[in-house]
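Worksheet: the structure to be examined is printed underneath.
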Amino acid sequence: MSQLRSLAGALRSSSQWMRGHVGTGRRVFDPRRNCSSEAAEPSLAACSSNYVVEMYYAWLEDHKNVHESWDAYFRNAQASGSEDTGEKRLSALLQGRAMSQTPAMSEKVRGHHVARLDPLGILTADLDSFVPSDLITSIDKLGSYGLEESDLDKSFQLPLTTFIGGNESTLPLREIIHRLETSYCGHTGVEFMFINNMEQCQWIRQKFETPGIMTFSDREKRTLLARLVRSTRFEDFLARKWSSEKRFGLEGCEVLIPALKMIIDKSSEAGIESVIMGMPHRGRLNVLANVVRKDLDQIFCQFDPKLEAADEGSGDVKYHLGMYHERINSETDKNITLSLMANPSHLEAVDPVVQGKTKAEQFYRGDTEGRRVMSILMHGDAAFAGQGVVYETFHLSELPSYTTYGTIHVVVNNQIGFTTDPRMARSSPYPTDVARVVNAPIFHVNADDPEAVMYVCKVAAEWRNTFNKDVVIDLVCYRRFGHNEMDEPMFTQPLMYKQIRKQEHVLKKYADKLISEGVVTLQEFEEEVAKYDKICEEAYTSSKDEKILHIRHWLDSPWPDFFKPDGEPKSMSCPSTGLNEEVLRHIGEVASSVPLKDFAIHSGLSRILRGRADMVTKRTVDWALAEYMAFGSLLKDGIHVRLSGQDVERGTFSHRHHVLHDQEVDKRFCVPMNHLWPNQALYTVCNSSLSEYGVLGFELGFAMASPNALVCWEAQFGDFQNTAQCIIDQFISAGQAKWGPEHSSARPERFLQMSKDDPDRYPEFTGDFEVQQLYDCNWIVVNCSTPASYFHVLRRQILLPFRKPLIIFTPKSLLRLPEARSSFDEMITGTKFLRIIPDDGPASENPEKVKRVIFCTGKVYYELAKERKQLKLEKDVAVVRLEQISPFPFDLIRAEVEKYSNAELIWYVGRDPAAAPATGNKFAHLAELKRFLDTAFNLEAFKGRSF
């Protein structure tokens, strides 16, 4: 502090010097030129000097008076060099901080605007040819800083925050500008100065400013050339053999393949064992062949229209396929597993799915810092800017229960959508601007400079390994053909495609460069090309022998020990889902208590826990307790349970309370379900961000990683699944075959329309018909009316010998309805999920005398039962509940029809046609309900009518 006090004295004594007057007599400050007229090493400090002094005085009074960045700066100044005099310290202080107002800072902040990024030379990096006025791009710009042309050859002291000097502390201004342009305005444009972390900014500066840091050895250059040969010749081979086929080739961005391989190499070097990737269709076949290393003959046979499917499923087009492969990384000699997720035409829909699967793999490997498993996401420029799920996925990146500890995003920036010009496709300068919201650095790079691409990929991998944060690589390239190979792009982008037709291939450019440098000879290059062409030809010949397509060979998430070797279930029966009463009671007791000592809970929660304890004593459960028992019993068996969604920890309707918060100690909480058994599986319950599309995709990805987990996403209200519909339609519904008043309805008709359940075919009841139905369906749709049904269907989901998506409709009105309680007797050993719940009242005792049978599903049962009792029609009308809607329980319905052989059959199908699924007016609702009940119990209502 004494040094700072002396510095303060120096600052005061030199105030006249800063105003342009003679100070110590040794130098004169010229505010116009910002340099000393006599000093050999003048400062680049602008007129912000007084501002720095004011900030310093404020800091001396109280370090909290200034922003944390100033605090850190002054602390560093305090710690550096104890021998400096006050005036020299002042000079260093001003020079260093004032660089933020000089050309050095301008180049770092805005150099990317003038970087030479477009291989076609049509645009600069962004949407227009805007040149920031504070960049010194010509001599006349020197005046902006009070500089003249003669100053270009004067040497200046370099601040501690720059690395352009290497071992030198001073440089001529001309050289300073040249080195900054080399770092920030060449074929690489770096956006990072918006990051509010000094250490991270300094790390990036060091990676791009250090002289000579972007050099490659001859071996590295030859490896890059060989990878570029494979990428380019693969596309050429497909184009020759299947010229009239759509393949969404990589032409114009062939450098993507060596880019991905560089990221994987550097990540493997850092200890990564598994990489999960997601990408759109452009270049997918090339990535499968040359990154994941799928056998070429298996790819080529996909072009055969006569190929037959050997196993279940309709399959998908070849440029949507994914796969899983373990191999040795040739650069590190380490095992690495690569998984490329299958992806539909919704380009960015796979983003959260990849993140979920990555999180799951990290979880199962105990990888709590992302050191063993990572994700890479590839994007197109139009989709990256245009699709909201990108933003939703970015905002999951640092949430505790969703973070994957850094994703490397690679944007294949074709500078065009399908036919849409970027100026019509986005409002931001770059397609990558969405990444700024999470302080992810963005590396723009000219894709026709392979070495620049390799360098930014190397830095991106090191960034992810160092900081565990997202990073974006923007490969500015072009699309040599149309959106697909059959499309004519000249209709809409004539000037661009005239230039593209003249554009030399990047492989030739780079080969010529290495030949001229003497790194390879022309003969060596031609031999490399011939070698790969021969590999392709041999694979093509062998692919003709492939007559059968095995879809299981294209799975991105195989479960090798869950099924038999042929992919079939190990059995076709399902064990009882009931539990020993002691287990139920134990779980109920824990659910009614606080496992931690000296933990102060809310008084209202105490009342809820007492209510649970009372139910356990009475051997009954409500909805929340049934869920608790289902989850808890699975945890006992080692099954991980994960519940995610908006406000799920407490429950939207304050019914769940799976996370207890200490009312006296901030951030102290307890999850009782993790205190059930000594060696139980972990229970994860996490409030999600206010996202449906992204979070459902994430949870789907998590579920795909292992069959031995129950992964639940809860839509806060029925209609909230609307905004997740893309995931439902594209991934879940077709997962096996391929791979206001609105709150009142989750629109079950959508799910039923997409169910593989033929209403016109009456099945044969053979074997275990219930399980066979479940195995044959694409998903299961249930509308539970009792806590016991909910309990059993959750447990059945895990106990089945196969996995199917499960859709559960859960009416909020049943959460606290006293009649919607279940007895332990419905949940103990020997019980199971009931696909239908038959009438067990007076009507069932004399079925031949029953006049009407009403089939219904869900909450409406309770309205019907109440009305029937009031009308004293319990002997005349039977009410049968359909708990499982799809697959439809034909066998049980037939039994009920035969049982009530003399009765009229009525099926409740819902409300009358309307634009909304429910009225928003309570009176109107009650009137509708009355009409419905009147009709249901008017035994003459349908007399003489046929349907």
Output field: ring centroids H444/H187 closer than 6.0 Å: no
Flag if over 12 foreign heavy atoms under 6.0 Å of CZ, F467: yes
Return the set of residues passing ring pair (Phe, Tyr, Trp, His ring centres under 6.0 Å) with H178 (not counting sequence neighbours), or none when no residue passes. none
Less than 4.0 Å between a side-chain N and a carboxylate O, is that true for E361 and R372? no
Pairing residues for N329 by the side-chain contact (heavy atoms from CB on, under 4.5 Å) criterion, not counting sequence neighbours: I264, D265, S268, E331, T332, I336
Centroid separation F208 to Y455 less than 6.0 Å: yes
OG-CD1 distance between S267 and I376, expressed to the nearest 0.5 angstrom: 6.0 Å
Taken to the nearest 0.5 Å, the spacing of L120 CG from M496 CE works out to 6.0 Å
Test your reading of the model: is there a side-chain donor-acceptor pair from Y391 to the backbone of A435, 3.5 Å cut-off? no
S231 side-chain N/O to E254 backbone N/O, donor-acceptor pair under 3.5 Å: yes
Within a strict 4.5 Å, meaning less than it, do heavy atoms of the K261 and P258 side chains meet? no
In terms of the angle between their ring planes, are F384 and H409 parallel, tilted or perpendicular, with boundaries placed at 30° and 60°? tilted
NZ of K359 to OG of S375, rounded to nearest 0.5 Å, is 11.0 Å
Go through the side-chain N and O atoms of N439 and N196 and say whether any donor and acceptor fall under 3.5 Å apart. yes
Mind checking whether F702 and H640 have parallel, tilted or perpendicular rings, split at 30° and 60°? tilted
Name the one of F394, Y430, F192, F194 that satisfies side chain to side chain contact (heavy atoms under 4.5 Å, CB included) with R436? F194
Is the H483 ring parallel, tilted or perpendicular to the H281 ring (thresholds 30°, 60°)? perpendicular
Nearest non-hydrogen partners of Q362 and G370, listed with the distance: NE2-CA, 3.7 Å
Does the side chain of M378 come within less than 4.5 Å of V354's, by heavy atoms? no
Residue pairs, two or more places apart or on separate chains, that pass salt bridge (charged side-chain N to carboxylate O under 4.0 Å, His left out) and touch residues 389-405: E398-K469
Which atom pair, heavy atoms only, marks the closest approach of E369 to N468? O-ND2, 3.2 Å
From D448 CG over to D118 CG, what is the distance, rounded to the nearest 0.5 angstrom? 9.5 Å
Taking the ring centre of each residue, are F698 and Y402 less than 6.0 Å apart? yes
Report yes if some heavy atom in the side chain of V412 is under 4.5 Å from a heavy atom in the side chain of H379; otherwise report no. no
Determine yes or no for a side-chain-to-main-chain donor-acceptor pair under 3.5 angstrom, with D421 supplying the side chain and R423 the backbone. yes
Let me confirm one number: the CD-CD distance from Q716 to Q721, rounded to the nearest 0.5 Å. 14.0 Å
Please evaluate residues I164 and I176 with respect to the criterion side-chain contact (heavy atoms from CB on, under 4.5 Å), reporting the C-alpha separation (whole Å), side-chain torsions for both, the decisive distance (0.1 Å), and the verdict. CA-CA 7 Å; I164 59 172; I176 290 173; 3.9 Å; yes
So do the side chains of Q200 and T466 get within less than 4.5 Å of each other, counting heavy atoms only? no
Should T210 and R205 be marked as a side-chain contact (heavy atoms from CB on, under 4.5 Å) after you check the CA-CA gap, both sets of side-chain angles, and the distance that decides it? CA-CA 8 Å; T210 303; R205 287 188 184 114; over 6 Å; no
Would a distance-only check, ignoring hydrogens and angles, find a side-chain to backbone donor-acceptor pair under 3.5 Å from E649 to V659? no
Taking all non-hydrogen atoms of both residues into account, name the closest pair between A349 and C726 and its distance. CB-SG, 4.0 Å
Non-hydrogen atoms of V648 and C686 that approach each other most closely: CG2-O, 3.3 Å
Hey, are the side chains of I204 and I195 touching, using non-hydrogen atoms and a 4.5 Å cut-off? yes
Give a yes or no on whether the backbone of G694 and the side-chain of S691 come within a donor-acceptor separation of less than 3.5 Å. yes
Can you name the closest pair of heavy atoms from L158 and G165 and give their distance? CD1-CA, 3.6 Å
Going by atom types alone, do E692 and Q646 pair a side-chain donor with an acceptor below 3.5 Å? yes
T215 side-chain N/O to G212 backbone N/O, donor-acceptor pair under 3.5 Å: yes
Go through D367 and R371 one step at a time and tell me if the salt bridge (Lys or Arg N to Asp or Glu O under 4.0 Å) criterion holds. CA-CA 6 Å; D367 183 12; R371 299 294 180 189; over 6 Å; no
Quick one: do F216 and M454 satisfy side-chain contact (heavy atoms from CB on, under 4.5 Å)? Show the steps, please. CA-CA 9 Å; F216 289 83; M454 293 308 102; 3.7 Å; yes
Quick check: do L340 and R284 have side-chain heavy atoms less than 4.5 Å from each other? yes
Is R179 salt-bridged to E209, going by a charged N under 4.0 Å from an acidic O? no
On a heavy-atom basis, the closest approach of A447 and P119 is N-CG, 4.3 Å
With side chains defined as the heavy atoms from C-beta onward, is the minimum distance between R480 and Q503 less than 4.5 Å? yes
Does any N or O in the side chain of Q493 come within less than 3.5 Å of the main-chain N or O of T419, such that one atom is a donor and the other an acceptor? yes
Does S397 offer a backbone N or O that forms a donor-acceptor pair with the side chain of Q355 under 3.5 Å? no
Do the side chain of T232 and the main chain of L228 share a donor and acceptor less than 3.5 angstrom apart? yes
Would a 4.5 Å heavy-atom cut-off, applied to side chains only, mark F731 and V350 as touching? yes
Under a 4.0 Å N-O cut-off, is there an ion pair linking R479 with E251? no
Side chains of D647 and N687 only: does a donor on one sit below 3.5 Å from an acceptor on the other? no
With a 3.5 Å distance limit and no angle check, can you tell me whether E235 reaches the backbone of L250 through a side-chain donor-acceptor pair? yes
Determine, step by step, whether L117 and H112 satisfy the side-chain contact (heavy atoms from CB on, under 4.5 Å) criterion, reporting the C-alpha distance in whole Å, the side-chain angles of both residues, the deciding distance to 0.1 Å, and the verdict. CA-CA 9 Å; L117 299 180; H112 54 86; 5.6 Å; no
Would you compute the distance between atom CZ of R75 and atom NE2 of H63 and round it to the nearest 0.5 angstrom? 5.0 Å
